[in-house]
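The sequence lines fix the lettering, A, B, ..., with proteins before strands; numbering per chain opens at 1.
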There are 2 protein chains.
Amino acid sequence: MTIANIGVLTPRKQEILDAAKKLFSSKGYVAASMRDLAKALHIKPASLYSHYPSKDEMLWEIAIRCAKEFHEYVLPLAKEEASVVERLDRMLRAHLHMIIKNQDASAIFFDEWKHLEEPRKSEFGKQRDIYEQAFIDVINEGKAEGIFRDINARFTMFTLLSAINWVHKWYRPEGKMSLQEIEEEFSKILIGGLRVGR
Amino acid sequence: MTIANIGVLTPRKQEILDAAKKLFSSKGYVAASMRDLAKALHIKPASLYSHYPSKDEMLWEIAIRCAKEFHEYVLPLAKEEASVVERLDRMLRAHLHMIIKNQDASAIFFDEWKHLEEPRKSEFGKQRDIYEQAFIDVINEGKAEGIFRDINARFTMFTLLSAINWVHKWYRPEGKMSLQEIEEEFSKILIGGLRVGR
DNA sequence: TAAATTGCCTAACGATCGTTAGCTATAAGA
DNA sequence: TCTTATAGCTAACGATCGTTAGGCAATTTA
């Protein structure tokens, strides 16, 4: 199963998946029971099994679709015609956008996927690797051009994404900072810190 | 219960707490059962209740002690006699040290505390606030002195700590980067990005 | 119109969970 | 020597978990 050939779901299947996504991201996969999910959908727990054969299968369907969203929204930016700095900046902003606009997906993409059972967990890991590698590649480009300091690209990728990922743990839309402000600050601190020549 | 008056434990109580800390941090509090813990200690599950009245009580004892470790190791650095940049740098390095040297404590301090039941959860939150505020204060000092850019101090604290906190999810002692290398890179990227005048 | 699919139901199984009741043995302190 | 604290045990309770078996009604497809 690759991201490319993820099929379309029955409307009802989609509804159930949406409810599960919301529940898993708010309570955590382990703490959220099938009975909780059934209650949210106003059906009986056993009815869920008419649509999905197991809880793990549901988590998988959710996780792989979250991965797809991140991939499709962020990765094309790596190959646009623009400078390295500009492309990395765009990628980080897009990544931030995804996190803020789609907080449920973020929680799954960053935290809950670890509860997948094998071999799905490994399969998901491969998709994460692809995503992270795209950032590493751009950072390495910047190093080769002498624009970024001589730095471990993988380490840098972790640092950048980690700083941004945490946002979904504290950001609330009604809070004091607007999305645009957050974008600008990240761009200054993170990209700023990367550049040589200070 | 404040951090100051945390008492000393019976040797056996300490052993059990250590095993629980290890288990909770590796499997997660929810997934780690009292039966798992008993097995790790080679005793029967019911015997645990001779020492602690509940699982939540154990998590609390672990969490508040982890908080204490972070507080005592990092916070005094905020008031040393040194420049703002130097003090923030030392605090971040100390924070990183704690995470790498004490990965179990990190997992509890960052992730597992959220499973505490009220009112302990709120009480723990207060301790986290104190810890975070110390970083905010130093950043504000730097702003007042014109050394750091005009930035939301709370946001910056989150960014800095988030980037570092993630380390405990990927760092392995046998990996390629040494602690010193990690320290230097963080210092360059994070502190570097904060400073004005580029 | 007959057949197949979709969606949900009741009832329950077996497993696992945190926890309790009540007991015994050992060691240290009064 | 008596008391108290420490440290463990067996057995089991009630709750909750993911899941299954088997059936019923409505809708869609052939």
Selection from [options] that lies nearest to any side-chain heavy atom of [X]:
| X | options | value |
| --- | --- | --- |
| A:Arg35 | D:dC17, D:dC9, C:dG18 | D:dC17 |
| A:Thr10 | C:dG7, D:dG18, C:dG18 | C:dG7 |
| B:Lys44 | D:dT10, C:dG18, D:dT20 | D:dT10 |

- Query: What does B:Ala32 touch in the nucleic acid at a heavy-atom separation under 4.0 angstrom: a base, only the sugar-phosphate, or nothing?
  - Reply: sugar-phosphate
Side-chain N or O of [X] closer than 4.0 Å to phosphate OP1/OP2 of [N]:
| X | N | answer |
| --- | --- | --- |
| B:His51 | D:dG8 | yes |
| A:Lys55 | D:dG18 | yes |
| B:Arg12 | D:dG8 | yes |
| A:Ser33 | D:dT16 | no |

Decide, yes or no, whether a salt bridge links [X] with [Y] under the criterion of side-chain N to carboxylate O below 4.0 Å.
| X | Y | value |
| --- | --- | --- |
| B:Lys22 | B:Asp18 | no |
| B:Glu123 | B:Arg120 | no |
| B:Glu184 | B:Lys188 | no |

- Message: Using only modelled atom types and a 3.5 angstrom limit, is any donor from either the side chain of A:Ser50 or the base of C:dC8 paired with an acceptor on the other?
- Response: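 A donor-acceptor contact between them is present.
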- Message: Please determine whether any donor N or O and acceptor N or O are separated by less than 3.5 Å between the side chain of A:Ser47 and the base of C:dG7.
- Response: no
- Comparing nearest nucleotides in DNA chain C, the 5'-proximal residue of the pair B:Tyr29, A:Lys13 is A:Lys13
- Crowded around B:Glu174 CD? As in, over 12 foreign heavy atoms under 6.0 Å?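 Yes, because the 6.0 Å sphere around CD of B:Glu174 holds more than 12 heavy atoms from other groups.
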